[in-house]
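Computed from a prediction, not measured in an experiment: that's the story for all the values here.
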Amino acid sequence: MASRVLFSSKLTFPANPPRETSIAPFSPSRNVLSFSFRSSVDRFAMRIRPLVKAASFAPTIAEADGSRDEARRRKKLAVFVSGGGSNFKKIHEGCIGGSVKGDIVLLVTNKKDCGGAEYARSNGIPVLVFPKPQRESSDGISPAELVDVLREYGVDFVLLAGYLKLIPVELVKAFPKRILNIHPALLPAFGGKGLYGMRVHKAVLASGARYSGPTIHFVDEEYDTGRILAQSAVRVIANDTPEELAKRVLHEEHKLYVEVVAAICEERIEWREDGVPLIQSKDNHDEYY
């Protein structure tokens, strides 16, 4: 049994102008670039319009010749993975199927032969290895150069989907409120350095917690401490194993991440006056989750 709680709003993200850089653009023909659960749920909505300081944001819809160019523009996404990339695949499917108004233009990975990288290459998505493995002779690119590459691709949002490296400070500063991560437990519990994958589910079971589930949060300069954007609760069964719990949480991750990415691509994120991000309902703009 799973129950979902989403939190969101509407944001303005100015486009970052491209920088001159010595790094050659990545070509899809040389792909080298490649981190989630839910069932029937009772969703609750809060009518919190008075709490949302929407006036603090510049208009996001540019009216020109009767068109809403900025709001309708498909967003460009970069996804970071370290493993199989099942969330990455679901988001890509959402982009292809139309539920997500965006396109994955770049995959970043620290493991060039991981499943996520192979999927990217097979789907014509450029793959960038960052950081380079220490055993390789080449120095790789610096964090500043990584930022330059993302800007060259015109990336609007960065999505971490099982990426096991700490995001460089330079990247966090270059993309404020535009980097998301998904964690397989209900933060702020069971998060932080060293808590990832099966370690998280073992910790949940050992604690005796009755619920777990994925959390999607904005990324700051530490592990799993950024503002929470969405969560989905998954009941822990009395005789659960870490593997069984992980399977149910991952199922919920796949649904939640796609919904949240759809919301950010439609600019349905608003920030409450106390700094809490909220997701605006697609059907009722006075309703937030």
- Message: Is there a side chain to side chain contact (heavy atoms under 4.5 Å, CB included) between C95 and V261? Walk through the geometry before answering.
- Response: CA-CA 10 Å; C95 294; V261 174; 5.8 Å; no

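For F175 against L150, the heavy-atom pair with the smallest separation is CZ-CB, 3.8 Å. Across every non-hydrogen atom of V234 and G213, the tightest pair is CG2-CA, 3.9 Å. Smallest separation of non-hydrogen atoms from S82 and C114: O-CB, 3.7 Å. Smallest separation of non-hydrogen atoms from L160 and Y257: O-OH, 2.9 Å. Pairing each heavy atom of L171 with each of I167, the nearest pair is CD2-CG2, 3.5 Å. The shortest non-hydrogen separation linking P168 to P143 is CB-CB, 3.7 Å.
Side-chain N or O atoms of Q231 include one that pairs as donor or acceptor with a backbone N or O of L187 at under 3.5 Å. Remark: side-chain polar atoms of T215 are paired, donor with acceptor, to backbone N or O of A185 under 3.5 angstrom. A side-chain donor-acceptor contact under 3.5 Å links R227 to the backbone of G275. Formation of a donor-acceptor pair under 3.5 Å by the H217 side chain with backbone atoms of H183 is not found in this model. Between the E221 side chain and the V169 main chain, no donor and acceptor come within less than 3.5 Å of each other. Using a distance-only test at 3.5 Å, with no hydrogens or angles considered, no donor-acceptor pair links the side chain of N110 to the main chain of P131.
For residues 182-193, the set of pairs meeting the salt bridge (charged side-chain N to carboxylate O under 4.0 Å, His left out) definition, not counting sequence neighbours, is empty.
Here CD1 of I216 is found 9.0 Å from CD1 of I264. Values are rounded to the nearest 0.5 Å. Distance check, rounded to the nearest 0.5 Å: OG of S232 to NZ of K255 gives 9.0 Å. Atom CG of L180 sits about 5.0 Å away from atom CZ of F218, to the nearest 0.5 Å. Annotation: the span from C265 atom SG to D156 atom CG amounts to 8.0 Å, rounded to 0.5 Å.
Between F88 and Y119, the ring-plane angle classifies as perpendicular under the 30° and 60° cut-offs.
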Per-pair distances, 0.1 Å, donor-acceptor, side chain in residues 195-208, under 3.5 Å, sequence neighbours excluded:
{"from": "R199", "atom 1": "NH1", "to": "G194", "atom 2": "O", "distance (Å)": "3.1"}
{"from": "S207", "atom 1": "OG", "to": "V204", "atom 2": "O", "distance (Å)": "2.7"}
{"from": "S207", "atom 1": "OG", "to": "A209", "atom 2": "N", "distance (Å)": "3.1"}

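Using a 4.5 Å heavy-atom cutoff, the side chains of F80 and T109 are not in contact. Side chains of V158 and V219 form no contact here, defined as non-hydrogen atoms less than 4.5 Å apart. Side chains of Q280 and E266 form no contact here, defined as non-hydrogen atoms less than 4.5 Å apart. Residues R121 and K112 form a side-chain contact, since some pair of their non-hydrogen atoms from C-beta on lies under 4.5 Å apart.
At a cut-off of 3.5 Å, with distance as the only test, no side-chain donor of K247 or H251 sits close to an acceptor on the other residue.
The only member of R74, K76, H92 that meets side-chain hydrogen bond (donor to acceptor under 3.5 Å, both in side chains) when paired with D103 is R74. Checking L159, I96, N123, I125 one by one against I104, the side-chain contact (heavy atoms from CB on, under 4.5 Å) holds for a single residue, I125.
Cluster membership check: Y223 does not share its hydrophobic cluster with L229, using side-chain heavy-atom separations under 4.5 Å among Ile, Leu, Val, Met, Phe, Trp and Tyr.
Atom CD of E222 has 12 or fewer neighbouring heavy atoms from other residues, nucleotides or ligands inside a 6.0 Å radius.
Residues passing the salt bridge (Lys or Arg N to Asp or Glu O under 4.0 Å) test with E93 are K90, sequence neighbours excluded.
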